[in-house]
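Every chain is numbered from 1 and lettered A, B, ... according to where its sequence line falls, protein lines coming before strand lines.
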Number of protein chains: 2
Amino acid sequence: MENEDHDKRKCPMHLSTGECSQRLLPVKDALDVLSGKWKLQIILSLTFGKKRFKQIQREIPGLTPKMLSKELKELEINELAVRHVYDSLPVSIEYELTPYGRTLQPLITELHNWGTKHRKRIIAGSKKAMKK
Amino acid sequence: MENEDHDKRKCPMHLSTGECSQRLLPVKDALDVLSGKWKLQIILSLTFGKKRFKQIQREIPGLTPKMLSKELKELEINELAVRHVYDSLPVSIEYELTPYGRTLQPLITELHNWGTKHRKRIIAGSKKAMKK
DNA sequence: TATACCGGTTTCCTAAAGGAAACTAGTACC
DNA sequence: GGTACTAGTTTCCTTTAGGAAACCGGTATA
């Protein structure tokens, strides 16, 4: 009547519920640091190189100075980005990914790849909807 | 006095501000679908195979039925997951990733990889802090 | 009949996220 | 002196996310 999976409370592939929970921990940790509407976009922007505050803001449409300031601080706290102050006149300030921040590159790349395909799918879908 | 990057409002690597914004679009799209505290964890859980409602809930500590229900609906709307109703007695219901949902696998893998390293870093960091 | 499981829904509530706009201080340009 | 740019901060406000707990109908089990 019921198959094995149901009774034994197991994930298929022979993982117990507890083992599955274990596997979720690293994902949760990653998500904690990367959460927020803008963080990943800011990181992506910084993967192209050092940036000034206003430059980042210009690149990310809709991003307010308040949010940018807040998110940059969080990136600094998590050691993903650094703030450089050059004491030229006027002082110029640049943000840069740390080496640790750069370890996010493969993840960002995947996000970008998937996003690109997904974007095509959405656009194709909305065109279909238009025809109806 | 100022270097080229500042004046010409360019990203390093010869991308203009507009070009940078363009590159951010796919990431924004991906984020739209994957946002929410639980979505990626639910997807990860489903990468291990079909799951029942309570089974998912048991695997993800802290996840309430309300949130699970909501997130699953969004996954369905975005065609990342399907809801199967088996008319056995009692009816059993299972959730499964769609083929499209499975295209998230590389992304999830990267998230898991990075999360694993990050988790080690956090734990190492907190141990250091303890010694002080 | 009582209890427990499944797959949720509903209500009520709070905390956090986030937007808009104004404002600051310093420099520079004209 | 007036305007504009940089790098933010501050205030006020609205929206949303999300948690807790109760509840629902159906089935099974003792």
Side-chain angles (χ1 to χ4, degrees), chain A residues 1-3 5-10 17 28 31-42 45-46 50-77 81-96, chain B residues 1-11 17 28 31-42 45-46 50-77 81-96:
Chain A
M1 183 183 185
E2 298 191 5
N3 68 38
D5 290 339
H6 294 180
D7 281 331
K8 296 183 183 168
R9 294 197 175 174
K10 284 201 171 195
T17 296
K28 205 173 176 324
L31 259 30
D32 281 345
V33 192
L34 303 175
S35 68
K37 194 171 171 183
W38 306 104
K39 218 152 289 166
L40 278 163
Q41 291 183 75
I42 294 169
S45 162
L46 290 179
K50 288 182 195 171
K51 294 278 169 72
R52 304 182 67 166
F53 191 90
K54 287 284 167 182
Q55 201 173 1
I56 301 171
Q57 210 197 316
R58 272 194 302 268
E59 279 167 28
I60 306 180
L63 177 52
T64 60
K66 175 186 154 187
M67 289 313 293
L68 178 53
S69 173
K70 191 193 136 214
E71 303 273 56
L72 283 171
K73 274 173 192 160
E74 289 176 25
L75 292 178
E76 278 190 84
I77 287 167
V82 256
R83 184 178 185 262
H84 295 293
V85 182
Y86 301 102
D87 54 354
S88 53
L89 273 173
V91 287
S92 102
I93 292 164
E94 288 188 331
Y95 292 89
E96 190 183 11
Chain B
M1 183 184 185
E2 297 192 5
N3 68 38
E4 286 172 302
D5 289 339
H6 293 178
D7 282 329
K8 296 185 183 165
R9 291 193 177 177
K10 285 199 168 194
C11 308
T17 296
K28 206 175 174 325
L31 259 30
D32 281 346
V33 193
L34 304 175
S35 68
K37 194 172 172 184
W38 306 105
K39 218 152 290 165
L40 279 162
Q41 292 181 76
I42 293 169
S45 162
L46 290 178
K50 288 183 195 172
K51 295 277 168 74
R52 304 182 68 164
F53 192 90
K54 287 285 170 183
Q55 202 174 1
I56 301 171
Q57 211 198 317
R58 273 193 300 268
E59 278 168 30
I60 306 180
L63 176 53
T64 60
K66 174 188 156 188
M67 291 311 296
L68 178 52
S69 173
K70 191 194 138 213
E71 303 273 57
L72 283 171
K73 275 175 193 159
E74 290 177 23
L75 292 179
E76 278 191 86
I77 287 168
V82 256
R83 182 177 187 265
H84 295 292
V85 181
Y86 302 102
D87 55 354
S88 53
L89 270 173
V91 287
S92 101
I93 292 165
E94 288 188 330
Y95 292 90
E96 190 184 11

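When each of A/L75, A/I42, A/L46 is tested with A/Y95 by the rule side chain to side chain contact (heavy atoms under 4.5 Å, CB included), just one qualifies, namely A/L46.
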Acceptor/donor pairs from residues 62-69 of chain A side chains to any protein atom, 3.5 angstrom cut, sequence neighbours excluded:
from, atom 1, to, atom 2, distance (Å)
A/T64, OG1, A/M67, N, 3.4

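Taking only side-chain nitrogens and oxygens, A/Y95 comes nearer than 4.0 Å to OP1 or OP2 of D/dG8. Taking 4.0 angstrom as the limit, B/K51 places none of its side-chain polar atoms (N or O) nearer than this to OP1 or OP2 of C/dC6. Close to D/dT6, at under 4.0 Å from its OP1 or OP2, lies no side-chain N or O of A/R52.
Considering only residues two or more places apart in sequence or on other chains, A/K28 meets the salt bridge (Lys or Arg N to Asp or Glu O under 4.0 Å) condition with none of them.
Straight-line distance from the CG atom of A/D87 to the P atom of C/dT27: 13 Å, rounded to whole Å. If you take CD of B/Q57 and C1' of C/dC6, they are 11 Å apart, rounded to a whole angstrom. What separates OH of A/Y86 from C1' of D/dA7 is a distance of 15 Å, to the nearest Å. Distance CG (B/L75) to P (C/dG8): 13 Å, rounded to an integer number of Å. In this structure, the CD1 atom of A/I93 is 11 Å from the C1' atom of C/dG26, given to the nearest Å. Between B/D32 atom CG and C/dG18 atom P there is a gap of 12 Å when expressed in whole angstrom units. In this entry the distance linking CD of B/Q55 with P of C/dG7 reads 9 Å, nearest Å. Note: CG (B/L72) to P (C/dG7) measures 11 Å, nearest angstrom.
Proximity note for A/K54 (side chain, C-beta onward) versus C/dG8, D/dA7, D/dA28: the nearest is D/dA7. Nearest to the side-chain atoms of B/F53 among the listed nucleotides C/dG8, D/dT6, D/dA28 stands C/dG8.
Side chain of B/E94 to main chain of B/K50: no donor-acceptor pair is present (N/O by atom type, distance under 3.5 Å, no hydrogens or angles).
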(request) Summarise how protein sits on nucleotides 14-25 of chain D as a single string, 5' to 3': B when a protein heavy atom is under 4.0 Å from the base, S for sugar-phosphate-only contact, - for no contact. (result) ----BBB-----

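Summary of the strand contacts: A/S35 and A/V91 both lie near DNA chain C, and taking for each the nucleotide with the nearest heavy atom, the more 5' one is attributed to A/S35.
Counting heavy atoms from C-beta outward, A/V82 and A/E96 have side chains that approach closer than 4.5 Å. At a threshold of 4.5 Å between non-hydrogen side-chain atoms, the residues A/F53 and A/L72 count as touching.
Heavy-atom minimum distance, B/E71 versus B/K39: OE1-CE, 2.7 Å.
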